[in-house]
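So the structure is just underneath, and the comments pick up after that.
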Amino acid sequence: MRVAIILLGSLLGFVAVHLLRLGEYGLPWLMIAVATLASVYGLRWGLLAGAVALGLELWLEPSHSPAWPAVLLLLSVFIANLVGRDLRRIYRRQKEASAQLSLLVAALEELSSLPSRTSILEALPGLLGKYGEGHVSVWQPAPGGLRLVSAVGLETAGIEQLPESGVVGRCAREGRVLHIEDVRRDTSYIAVPGRDILSELALPLWERGQVVAVVNLERTSHFNRRELEGFEHFTKAVSSGLTQLSERRELQFLNQLSTSLDSTSTPLGVAERALALILQALETERAMLWIQQGSRMVALVEFGPEGKLELEESLKTEGIPFGQGLVWQVYATGRPIYATEYTQTPQAVAEYRQQFGGVVVHPIPLPTAGRSRIVLSLAQTAPRLWSEAEQDTLAAACRTIGLALDGVLAMQQRDLLIGLTREAAEAPAQAAYQKILEAAVRLVPGAEAGSLLVRDGATFRFRAAVGFGQELMKLSFSEAEQFRWYAGPLKDWNRGEPRILSAQKDNLADLSSEGLEQLGRMNEIKTNLALPVVYRGEVLALLYLDNLHDESAFAQDSLEVARFFAAPIAALLHEVRYRGLLEQAALTDALTGLANRRAFDLRLGEELERSQRYGHPLSLLVMDLSGFKRINDTLGHAKGDEVLAKVAEVLKRHKRDGDSLYRWGGDEFAAILPHTDLEGATCAAGRYAAAIAEIQGEGFEVKVNIGAAAYPAESGEHDGLLQLADHRMYEAKNQGVAIIAMPG
């Protein structure tokens, strides 16, 4: 507009001069017009305008010499062109910058409304094509190269993936802009038949410090410097938007995850909610949560595209054996594993090797745990590269899950202890000991097996075992022997401080007591946690927990749970012990120290049930002393009590292992003989009768009448056996013999 006004004014001035017959003043107006055109449009237009102006001047003033006007007009053209060249350059730059800015602002405004990185990458070629670029494609790093996300303007000729060696691959790998002015001179350019391409421009797109895609532009002409700068600024702005979008989505996801986990109170509930949200946020196909249980990694829950999946029975019960698979590697190192292709992972479990492509195995850190005892795994069928943003998001999610699990696991431990206290308080002593030990193996992280020794006077006896044979129950040890195995300071022993021994640095066999080499599987134990259970200053029991596979199975979290376990278990063991003493008193004859009639009835019922279950024989003996009333009448009841005590002593001395003796009351005794038929019972009765007959006193002799009965040969029930044995005892008394001849 300004140029038109100047030209119009110059022409009007030129015309006015000639109308007023002032011809000598017309040339300056022409010089203004020519200089304006030369300044704005360049030398070519200036020379053309100068020639027209000279012709006009000579036509109106034919008397003037052409030389001087020509020189003046020519000078005007050259001077104006020199002055206007910089102005034209500035103007072109401003125009280009304005166009680039319009492209940037318009495209970014459209991109800002898109919800995900994928949607932004898919939209980019269309947006750039809309604003003037017709040959645009976007490529994303993928296993083995780069895969096509979207393209416009050029046919891709069926190419869906590019190798890393090409221009696009180099751009992604090196993270810098690559401008190829002439693709015919670049050996890395991947030519497609039918394309007449001269220049290529590859621009990286960044997200949180990592190249996540490459924008590739191809032209049949060159890119100028201003265009290069504009596209670089544009991709930087898109990269900034991708980073902000990623951070915003991560924050939203973590807030949603934290809020969701706050409202659940069980480990299973935490796992289910967390996996459902992670699958959606990271767009994966399967997710599983694993928990270490001794030498197994057991699956707690599994999620797929349609929600919670039904776990395979083997994963729920057997899990993954120690040392196999990526979950155990993460457990050992505490570091996550991101695998592009599971099949290429040496630690892959054989049965899953062909099922999965991209896999992540990530530890769930618990604030109090030193080991990664809970592990998250993600998998999909196709290979996959895991971006740094995804890795950051998953790491933050696992920390959030760890905090939630730490709280609910502590609640679960408290609930288990409350339930244990209730169950053990109502159970018989032996069952209570077993329940306590099983709860400890379950609760203490890293425990796989264990044993419980309870004080019995000056010794400690095994009362329960998990992972060891019942032969262990025959062993007992002194307190000095157990303190040697504890291998810690006396003050820690007395205050019930747990300790850890590991085969990695301790010689466990040298510390163990005699008899434990085989029964205690000392050569198999990799690490042992010992907890002296102290009640009112006395070591009441010793709880031993073992791991037979991992030398580092126990850590600080194991000690913390053991300490938490100690106080309530000490009180519970004291109660069980006190109740046991009361029960023992109720089932024991005070004079002879033998079990009483009540104990006999209980034991006979148990042995009958056991014989019925396993099909072995069982016999019982009923014994009545002959002439005992005369001893009481002539020598007094004190002497009679002395005789009863001697009879009990003789019976104990001649008792076989496994047999049990009872005083029914008065001068009657009984014996239960497991794994014994009628013939064996008769032999045992003869042995007892002969031993009793050797008791001598002040002018008296002691004799006995014995009746025997056998299961299942003669009776299959409690009362039937008792009646038969009692009948035979009276028959022997009537015949004046110790034992009547048995039938057959």
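Nothing here was measured: the structure is a model prediction, and the numbers come from that model. Excluded from the calculations below are hydrogen atoms, water molecules and symmetry mates; all remaining heavy atoms, backbone and side chain alike, are included.
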N-O pairing of Glu607 and Arg610 below 4.0 Å | yes
What one should report as the nearest heavy-atom pair of Leu594 and Ala648 is CD1-CB, 3.8 Å
Consider only side-chain N and O atoms of Thr592 and Asp589, and report whether a donor and an acceptor are under 3.5 Å apart.
-> yes
To the nearest 0.5 angstrom, please state how far the NZ atom of Lys703 sits from the CG atom of Leu625.
-> 13.0 Å
Between the CE atom in Met623 and the CG atom in Leu620, the distance rounded to the nearest 0.5 Å is 10.0 Å
Any chance the side chains of Glu551 and Ser502 put a donor and an acceptor closer than 3.5 Å?
-> no
Compute whether any side-chain donor of one residue and acceptor of the other, for Asn528 and Asp546, lie under 3.5 angstrom apart.
-> yes
Kindly give the heavy-atom pair with the smallest separation between Ala738 and Ala732, and that separation in Å.
-> O-CB, 3.8 Å
Let me see the working for Asp624 and Val704 under side-chain contact (heavy atoms from CB on, under 4.5 Å), right down to the final yes or no.
-> CA-CA 6 Å; Asp624 182 73; Val704 67; 5.8 Å; no
Leu661 and side-chain contact (heavy atoms from CB on, under 4.5 Å): which partner among Leu621, Ile672, Leu651?
-> Leu651
The residue among Arg373, Glu448, Arg371 that forms side chain to side chain donor-acceptor pair (under 3.5 Å) with Gln292 is Arg373
Give the ring-plane orientation class for Tyr331 versus Trp328, where under 30° counts as parallel, over 60° as perpendicular and anything between as tilted.
-> perpendicular
Could you walk me through whether Leu542 and Trp493 pass the side-chain contact (heavy atoms from CB on, under 4.5 Å) test, one step at a time?
-> CA-CA 10 Å; Leu542 292 160; Trp493 167 273; 3.7 Å; yes
Apply side chain to side chain donor-acceptor pair (under 3.5 Å) to Gln482 and Tyr544, showing your working.
-> CA-CA 11 Å; Gln482 290 306 297; Tyr544 293 128; 2.5 Å; yes
Do you know the tightest heavy-atom contact between Ala570 and Val534?
-> CB-O, 3.4 Å
Atom pair CG (Leu531) and CG (Leu452), whose distance is rounded to the nearest 0.5 Å = 10.0 Å
Less than 4.5 Å apart, any side-chain heavy atom of Leu543 and any of Leu529?
-> no
Only one of Leu453, Val454, Leu437 clears side-chain contact (heavy atoms from CB on, under 4.5 Å) with Arg463; which?
-> Val454
Could you tell me whether Lys474 atom NZ has more than 12 heavy atoms of other residues or ligands within 6.0 Å of it?
-> no
For the student: nearest non-hydrogen atoms of Gln412 and Pro267, plus distance | NE2-CG, 3.9 Å
Taking NZ, NE, NH1 and NH2 as the nitrogens, is one of them in Lys526 or Asp550 under 4.0 Å from a carboxylate oxygen of the other?
-> no
Let me see the working for Leu591 and Arg663 under side-chain contact (heavy atoms from CB on, under 4.5 Å), right down to the final yes or no.
-> CA-CA 10 Å; Leu591 175 62; Arg663 183 191 176 198; 3.6 Å; yes
Report yes if the side chains of Leu673 and Leu618 come closer than 4.5 Å at any heavy-atom pair, otherwise no.
-> no
Side-chain heavy-atom pair Ile436, Leu572 within 4.5 angstrom cut-off | yes
Pairwise side-chain contact, Val301 with Lys308, heavy-atom cut-off 4.5 Å (strictly under) | yes
Spacing of CG belonging to Asp456 relative to OG belonging to Ser476, to within rounding of 0.5 Å | 8.0 Å
Nearest heavy-atom pair of Arg296 and Pro321: which atoms, and what distance?
-> NH1-CG, 3.1 Å
Would Arg563 and Glu497 count as a salt bridge (charged side-chain N to carboxylate O under 4.0 Å, His left out) if you check the C-alpha gap in whole Å, the side-chain angles of each, and the deciding distance to 0.1 Å?
-> CA-CA 7 Å; Arg563 292 188 185 101; Glu497 180 66 20; 2.5 Å; yes
Less than 4.5 Å apart, any side-chain heavy atom of Lys655 and any of Tyr688?
-> yes
Is the backbone N or O of Ala465 less than 3.5 Å from a side-chain atom of Ser451, with the two atoms forming a donor-acceptor pair by type?
-> no
Could you label the plane-to-plane angle of the Trp664 and Phe600 rings as parallel, tilted or perpendicular, counting under 30° as parallel and over 60° as perpendicular?
-> perpendicular
Okay, side chain of Asn734, backbone of Tyr730: is any donor-acceptor separation there less than 3.5 Å?
-> yes
Output for pair (Asp719 CG, Asp726 CG), nearest 0.5 Å, gives 11.5 Å
Non-hydrogen side-chain atoms of Leu416 and Leu443 separated by less than 4.5 Å | yes
To the nearest 0.5 Å, how far apart are OH in Tyr535 and CZ in Arg455?
-> 15.0 Å
Is Arg442 atom CZ crowded by more than 12 heavy atoms from other residues, nucleotides or ligands, each under 6.0 Å away?
-> no
Test side chain to side chain donor-acceptor pair (under 3.5 Å) on Gln430 and Gln434 and set out the steps.
-> CA-CA 6 Å; Gln430 189 59 44; Gln434 190 67 30; 5.0 Å; no
Beyond-backbone contact of Gln723 with Leu721, side-chain heavy atoms, under 4.5 angstrom = no
Name all residues meeting the side chain to side chain contact (heavy atoms under 4.5 Å, CB included) criterion together with Ala299; count only those two or more places apart in sequence or in a different chain, and write none if there are none.
-> Met288, Trp290, Leu311, Leu315
Should the heavy atoms of other residues, nucleotides or ligands under 6.0 Å from CD of Glu438 be counted, would the total exceed 12?
-> yes
Name all residues meeting the ring pair (Phe, Tyr, Trp, His ring centres under 6.0 Å) criterion together with His718; count only those two or more places apart in sequence or in a different chain, and write none if there are none.
-> none
Nearest heavy-atom approach of Ala447 to Ala440 is CB-O, 4.5 Å
Assess the side chains of Glu481 and Tyr486: does a donor N or O sit below 3.5 Å from an acceptor N or O?
-> no
Using a strict cut-off of less than 4.0 Å between a Lys/Arg side-chain nitrogen and an Asp/Glu carboxylate oxygen, indicate whether Arg728 and Glu731 qualify as a salt bridge.
-> no
Taking atom CD of Glu560 as the centre, report whether more than 12 heavy atoms of other residues, nucleotides or ligands fall under 6.0 Å from it.
-> yes
Does some side-chain heavy atom of Arg597 sit less than 4.5 Å from a side-chain heavy atom of Asp601?
-> yes
Around atom CZ of Arg536, are there more than 12 heavy atoms of other residues, nucleotides or ligands at under 6.0 Å?
-> no
Take Leu417 and Phe564 through the test side-chain contact (heavy atoms from CB on, under 4.5 Å) and record every step on the way to the result.
-> CA-CA 10 Å; Leu417 279 178; Phe564 172 73; 3.3 Å; yes
